[in-house]
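Below is one structure; the comments refer to it alone.
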Amino acid sequence: MNLRMGAAVAALAGLFVSAYLWLYKMGAIGTLACGTGGCETVQLSPQSRFLGVEVAAIGAVGYALLLGLTLASLQPRWASSRRLLQVIAFLSGGAVLFTLYLKYLELFVIHAICRWCVGSAILIVVFFTLILLELRRVRRQST
Amino acid sequence: MAEPSPMKRFYALFGLIAAAGVGFLIWQMNKASTPAVPVQVAVQPADTAGFEGYSLGSDSARVVITEYADYQCPACQQFATVEWPYVRERLVQTGRVRWVFRDFPLSQHQWSRLAAHSAACADEQGKFWEYADAIFAAQPEWSTSRDAGKIFRQQIEKVGLNAGTWDQCMTSLKFAGRIQGSADEGVRAGVGSTPSFVIGGRIYAGVLAYDKIKALVDSLSRAP
């Protein structure tokens with residue numbers, strides 16, 4: 001499995017994590033499988049919304065976008081396109097920064113840790129790293 | 001036979017993960033999230049020790065009104081949303097009446113005990129009255145729901161409860177005995193329907209309008 005395939009799997013997993021949290025916020029899921037109760041504390045805090053939009057919804061849309069772009073980059077037509085990879089790297093870099101901000105909120109404002117959010121943070125970092133490695137590989141190949 | 005291409009293998013794995021993820025979400029959505037509050041639970045002395053209902057208002061109020069109510073009863077909801085705000089503002093908050101709310105879950109209502117338990121868990125965090133108002137207001141929504149627990153849980157955000165503490169309380173079912181004890185107390189007092197109000201030692205069954213309650217309070221306040 002190449003790096004892009006790995007990134008696509010990470011984005012898919014992230015999409016499910018975000019969708020799970022979003023469904024919870026919409027009331028479609030009763031209790032989060034969390035164990036500590038920290039997930040609910042985080043999800044029900046005022047910080048679970050960013051500029052009036054559910055953070056989980058932002059995550060789901062973001063992961064769906066990254067997944068779609070990564071799957072597109074796997075197609076022969078886009079396989080050698082550095083531009084598309086750069087766009088994915090730019091977007092996922094922004095997602096990593098946003099995730100860092102959310103981790104700051106969890107640790108220092110809400111004072112609770114949501115395991116699912118930690119899972120999502122790990123997935124976006126893995127995704128970003130794989131895309132950077134792939135970008136470097138493509139650059140080396142073209143030089 | 002030719003080896004499947006890496007892309008085909010990837011799509012197969014991708015499809016498997018996607019199916020597992022969708023399956024997990026569907027399972028989570030259909031999973032009952034609601035603990036069942038036992039009916040006719042044996043009431044232990046410790047369940048009711050020191051508890052005489054949820055009390056609001058001045059201890060020195062001349063009139064004490066005890067309301068026996070069921071969260072799923074439409075008449076109780078009508079009282080809670082239409083009359084109670086006036087009663088609270090004009091009679092309780094002015095110090096004329098101390099109001100006592102007691103659970104009287106009716107057996108025909110599927111979610112009454114769960115609602116009562118969720119309110120007891122809100123009371124642990126000092127937000128009983130706010131939470132009771134919220135679930136009465138949302139009654140049309142959860143009353144016919146397959147999983148009212150989800151809707152009760154949504155109210156905790158509105159009221160500002162700590163979700164983890166509330167969850168632990170709900171899972172423990174520690175107030176099941178107290179709710180039964182409250183219902184038993186109502187039966188002993190002669191309550192047979194909801195809402196019922198005990199005012200000046202007499203039981204008034206059915207929704208009481210604010211004006212009627214005020215007239216009774218005026219009358220009892222004048223009594224020597």
Side-chain angles (χ1 to χ4, degrees), chain A residues 1-49 54 60 63-64 67 70-71 73-76 79 110-116 119 123, chain B residues 4-36 111 114 118 121 125 127 138 141-142 145-172:
Chain A
M1 182 184 283
N2 69 29
L3 295 167
R4 295 184 204 198
M5 291 175 181
V9 169
L12 178 67
L15 174 61
F16 281 122
V17 170
S18 304
Y20 178 55
L21 296 175
W22 192 11
L23 286 169
Y24 168 77
K25 287 292 300 216
M26 289 192 297
I29 288 172
T31 353
L32 290 173
C34 187
T36 58
C39 297
E40 282 84 1
T41 307
V42 172
Q43 293 305 316
L44 298 175
S45 70
Q47 288 76 24
S48 67
R49 288 200 177 105
E54 297 290 350
Y63 274 119
L67 176 61
T70 311
L71 287 176
S73 80
L74 281 164
Q75 306 311 307
I110 310 170
H111 302 293
I113 292 290
C114 165
R115 289 178 186 177
W116 289 98
L123 286 168
Chain B
S5 71
M7 279 307 281
K8 277 187 180 166
R9 278 204 301 264
F10 164 71
Y11 282 127
L13 176 67
F14 190 86
L16 272 177
I17 296 172
V22 169
F24 173 75
L25 292 179
I26 292 172
W27 172 62
Q28 285 290 317
M29 287 167 73
N30 291 323
K31 190 179 70 166
S33 62
T34 309
W111 302 119
L114 190 68
S118 66
C121 290
Q125 297 185 43
K127 301 258 186 181
E141 201 184 333
W142 57 260
S145 165
R146 279 193 308 132
D147 190 357
K150 284 180 188 171
I151 299 166
F152 296 149
R153 210 167 178 294
Q154 287 165 10
Q155 310 310 313
I156 68 176
E157 184 178 13
K158 294 178 188 166
V159 173
L161 296 171
N162 179 292
T165 309
W166 188 86
D167 278 341
Q168 281 173 4
C169 173
M170 288 299 282
T171 312
S172 73

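Protein chains get the first letters and strands the later ones, always in sequence-line order, with residue 1 at the start of each. Note that these values count all heavy atoms, side chains included, but never hydrogens, waters or copies made by symmetry.
Shortest non-hydrogen contact noted between B:A18 and A:L12 is N-CD2, 3.8 Å. The two residues A:A8 and B:F14 make their nearest non-hydrogen contact at O-CE1, 3.9 Å. Contact record, B:V22 with A:F16: N-CE2, 3.5 Å, taken as the closest heavy-atom pair.
Of the residues considered (B:I17, B:I156, B:L161, B:N162), B:I17 shows the highest number of contacts with chain A, using heavy-atom pairs under 4.5 Å.
Heavy atoms of B:F152 lying under 4.5 Å from chain A are absent altogether. For B:I151, no part lies under 4.5 angstrom from a heavy atom of chain A. Of the atoms belonging to A:L74, heavy atoms from both backbone and side chain fall under 4.5 Å from chain B. There is no contact between A:A112 and chain B, counting heavy-atom distances below 4.5 Å.
No side-chain heavy atom of B:Q28 sits less than 4.5 Å from a side-chain heavy atom of A:L23. Residues B:R153 and A:Y24 are in side-chain contact: their nearest non-hydrogen atoms beyond the backbone lie under 4.5 Å apart.
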